[in-house]
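Written below as structure tokens is the structure these notes are about.
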Amino acid sequence: MTNDIYGPFPGGADFASALTEGQRARYEELGTNLDVVERRIADACAAAGRDRREVTLIVVTKTYPAEDSALLAGLGVTDVAENRDQDAAPKAEQCRNLPLDWHFVGQLQTNKVRSVVRYANHVHSVDRLRLVESLSAAVLKSERPELGCLVQVALEKGVSSGGSAAGEEGAHRAGVAPADVAELADAIAAAPGLRLDGVMTVAPLAGPLAGDPARAFDRLAEIATAVRAAHPAATMVSAGMSGDLEQAIAAGATHVRVGTAVLGVRSPLR
């Protein structure tokens, strides 16, 4: 298999020999960072009495070039995430022949749906009924395989929003309230072309759980259990980032989304 960036792939002597000195230095830097993150995940799993194989590392590559995605693939990374379609779409196209599974984790507007379904196999940020309908229509039109979807839960929303699951396009809601999760999960499960995979959250910066990721992720675990009771195949729990992956794993996260700890401090968004 070859890719459009570095030639022979994946990995091996041919791949390494194609790297420039600068690329090799970055390759080694990423490898060192991945080793550190891997040890953190392994230690967190051991502390929680969990098998390391229960947790998937998703490297969040937003703001970084396609070359980094290729280097990560050469290092054995299989799952990468992006949060803006205008950056993700060209990057995924450049890396189309690499063995990478693309996750979309950012707020998704309906006018970007047709583009996102061309490359993403998972959308973690489903937060309203209108988006469910748009994703379903786009998947059916594209005739692609089912799209895995997660309900994004806004843990700072302690009470039902009276319809936030069907929120307006311009509301910019970072997820649905816990009380609204079941309705949205049912809608995803019933939508043609979509597959309900589970739930996702980001540790809240406001509300009673702010500053306490352990409690926040415990609350997500309760919500995930309720979703699985109605939809047994929805086993994915996406939680935890560079600063709080240990607490997420302790609470049962199956996927952790790590960016800075692997790739370094991000440049400002353009």
Side-chain angles (χ1 to χ4, degrees), residues 1-5 9-10 56-62 64-66 68-70 72-73 76-153 165-167 169 175-176 181 183-200 227-228 230-238 254-257:
M1 179 179 291
T2 62
N3 71 77
D4 295 332
I5 300 173
F9 198 86
T56 297
L57 170 63
I58 303 171
V59 179
V60 182
T61 51
K62 65 181 184 181
Y64 287 93
D68 277 354
S69 299
L72 289 167
V77 169
T78 57
D79 292 76
V80 294
E82 292 283 328
N83 73 333
R84 301 202 306 173
D85 175 66
Q86 60 265 44
D87 299 325
K91 189 182 299 186
E93 174 61 21
Q94 279 186 277
C95 299
R96 64 185 180 276
N97 292 325
L98 301 183
L100 292 171
D101 195 8
W102 294 83
H103 300 247
F104 191 86
V105 298
Q107 185 172 16
L108 179 55
Q109 301 300 319
T110 55
N111 64 348
K112 298 293 186 180
V113 162
R114 284 193 296 175
S115 177
V116 168
V117 301
R118 292 191 185 105
Y119 59 85
N121 290 320
H122 316 270
V123 174
H124 292 229
S125 48
V126 180
D127 62 355
R128 58 199 186 280
L129 293 174
R130 184 178 176 188
L131 181 56
V132 173
E133 295 163 358
S134 295
L135 286 167
S136 176
V139 170
L140 293 180
K141 186 173 182 179
S142 70
E143 299 182 343
R144 55 156 289 162
E146 281 186 327
L147 176 70
C149 294
L150 288 82
V151 177
Q152 182 173 357
V153 185
E169 181 80 16
V176 296
V181 169
E183 177 188 4
L184 193 56
D186 289 346
I188 294 170
L194 305 187
R195 182 185 66 250
L196 175 65
D197 280 349
V199 295
M200 182 273 265
V227 170
R228 286 196 302 274
H231 305 281
T235 59
M236 190 169 168
V237 181
S238 173
T254 64
H255 292 68
V256 292
R257 309 179 307 273

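Side chains are part of it too, since the values below use all heavy atoms of this structure and drop only hydrogens, waters and symmetry mates.
A distance of 10.5 Å separates CD of Q152 from CG of L108, quoted to the nearest 0.5 Å. How far OG1 of T56 is from CZ of R257: 13.0 Å, rounded to the nearest 0.5 Å. Rounded to the nearest 0.5 Å, atoms CZ (R195) and CG (L150) are 9.5 Å apart. With rounding to the nearest 0.5 Å, the separation of CZ in F104 from CG in L135 is 10.0 Å. With rounding to the nearest 0.5 angstrom, the OG atom of S69 is 6.5 Å from the CG atom of L100. To the nearest 0.5 Å, atoms CD1 (I188) and CG (L194) are separated by 7.0 Å.
For the pair V176/R128, no side-chain contact is recorded, criterion being any heavy-atom separation below 4.5 Å from C-beta on. In this structure the side chain of Q109 reaches within 4.5 angstrom of the side chain of Q107, judged on heavy atoms. Between N121 and R144, some side-chain heavy-atom pair lies under the 4.5 Å cut-off. Side-chain contact between D87 and K62 is absent, with no heavy atoms from C-beta onward closer than 4.5 Å.
For the pair E93 and R96, the salt-bridge criterion is met [side-chain N within less than 4.0 Å of a carboxylate O].
Not one N or O on the side chain of S136 forms a donor-acceptor pair closer than 3.5 Å with the backbone of V132. Checking side-chain atoms of T110 against main-chain N and O of L131 turns up no donor-acceptor pair under 3.5 Å.
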Next item on the list: Run the numbers on L147 and V123 for side chain to side chain contact (heavy atoms under 4.5 Å, CB included), then give the verdict.
Entry: CA-CA 8 Å; L147 176 70; V123 174; 4.0 Å; yes
Item checked: Intermediate values then yes/no, side chain to side chain donor-acceptor pair (under 3.5 Å), D197 and H124 -> CA-CA 9 Å; D197 280 349; H124 292 229; over 6 Å; no
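When all heavy atoms of A189 and H231 are compared, the pair lying nearest together is CB-CE1, 3.5 Å.
Heavy atoms of other residues, nucleotides or ligands lying less than 6.0 angstrom from CZ of R114 number 12 at most.
Note on ring orientation: taking the six-membered ring where Trp is involved, the planes of Y119 and W102 are perpendicular (angle over 60°, cut-offs 30° and 60°).
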